[in-house]
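Just the heavy atoms: all of them, side chains too, but no hydrogens, waters or symmetry mates, feed the values below.
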Amino acid sequence: MNYAAIQKKVQKAIAKTGFSLQLLVVTQGAFNATLDTIATTIATYDIKGLYAEYKNYEISASIVGSDNSFIKSTDRKLLIDAVGLPDLNAADSIRFLVDSIDLDVGEIKPIKPGNINLLYKVQIKG
């Protein structure tokens, strides 16, 4: 299967029909004993995303995300293009802002068939 071609289609669809939001990726550095602080880096990305509803079979008390969060009927999927983004699961903290409103993030899953980063599927708590 040509995952590179699929990746281009995903990028085009999100760019065309997606909404604007900001992604903040927080990474903590080393502890500075002299200042009693931990260095923190915040990288900001202006991106586009699409909302998708969870299917009925995904909404269940028996399905638990890797962060032990249940998928509820009020939750939504946020789909974002993974190209140009760091590994979101390696960050210390992730925030998504839409019109300066901080979204409540649950589980973040990379979709990368054939080791090609297509997109991230983000659980937004409702």
Side-chain angles (χ1 to χ4, degrees):
M1 186 160 252
N2 187 350
Y3 294 118
I6 293 171
Q7 181 184 50
K8 288 183 195 262
K9 287 181 183 178
V10 167
Q11 286 176 305
K12 193 181 239 184
I14 290 175
K16 183 177 180 180
T17 61
F19 62 92
S20 297
L21 67 151
Q22 281 191 313
L23 164 64
L24 284 70
V25 180
V26 180
T27 307
Q28 293 185 348
F31 176 72
N32 183 328
T34 306
L35 300 175
D36 195 30
T37 60
I38 297 174
T40 301
T41 304
I42 301 174
T44 303
Y45 299 87
D46 292 319
I47 61 174
K48 288 200 168 208
L50 294 171
Y51 278 126
E53 301 300 322
Y54 281 101
K55 305 285 186 212
N56 284 337
Y57 68 86
E58 295 175 294
I59 302 167
S60 170
S62 64
I63 299 175
V64 180
S66 63
D67 64 348
N68 292 323
S69 62
F70 289 97
I71 298 172
K72 300 177 185 175
S73 62
T74 54
D75 293 351
R76 292 186 288 175
K77 286 184 230 181
L78 172 63
L79 305 174
I80 59 171
D81 183 3
V83 175
L85 297 180
D87 180 0
L88 300 186
N89 290 315
D92 293 310
S93 174
I94 299 291
R95 293 175 56 205
F96 290 94
L97 301 174
V98 177
D99 295 328
S100 301
I101 297 171
D102 208 343
L103 302 178
D104 187 7
V105 177
E107 184 176 37
I108 299 174
K109 283 187 174 180
I111 307 299
K112 50 192 259 183
N115 213 24
I116 303 243
N117 287 331
L118 294 181
L119 51 92
Y120 282 103
K121 181 171 69 171
V122 182
Q123 178 187 10
I124 302 298
K125 307 298 271 169

Verify same cluster id: [X], [Y] (apolar side-chain graph, 4.5 Å):
X      : Y     : answer
Ile124 : Val98 : yes
Ile38  : Ile42 : no
Tyr51  : Ile94 : yes
Ile6   : Ile80 : no
Leu35  : Phe31 : no

Looking at Lys125, Lys121, Lys55, which one forms a salt bridge (charged side-chain N to carboxylate O under 4.0 Å, His left out) with Asp75?
Lys125
Taking only residues at least two apart or on different chains, which pairs with a member in residues 80-101 satisfy salt bridge (Lys or Arg N to Asp or Glu O under 4.0 Å)?
Arg95-Asp102
Would you say that [X] contacts [Y] through its side chain, given a criterion of any heavy-atom pair below 4.5 Å between the two side chains?
X      : Y      : value
Leu103 : Val122 : no
Tyr45  : Leu24  : no
Ile47  : Leu85  : yes
Arg76  : Glu53  : yes

Do any N or O atoms from the side chain of Tyr120 and from the backbone of Leu88 form a donor-acceptor pair under 3.5 angstrom?
yes
Rounded distance (nearest 0.5 Å) linking atom [atom1] of [X] with atom [atom2] of [Y]:
X      : Y     : atom1 : atom2 : answer
Leu119 : Gln7  : CG    : CD    : 9.5 Å
Thr37  : Gln28 : OG1   : CD    : 11.0 Å
Ile14  : Leu50 : CD1   : CG    : 5.0 Å

Which heavy-atom pair separates [X] from [Y] by the least distance, and what is that distance?
X     : Y      : result
Lys48 : Gly18  : NZ-O, 3.9 Å
Leu79 : Ala52  : CD1-CB, 4.3 Å
Leu23 : Val25  : CG-CG2, 3.9 Å
Phe70 : Gln123 : O-NE2, 3.1 Å
Tyr3  : Ile116 : CB-CG1, 3.9 Å
Asn89 : Pro110 : ND2-CD, 3.4 Å

Looking at Lys109, I want to see if its NZ is surrounded by more than 12 non-hydrogen atoms of other residues, nucleotides or ligands under 6.0 Å.
no
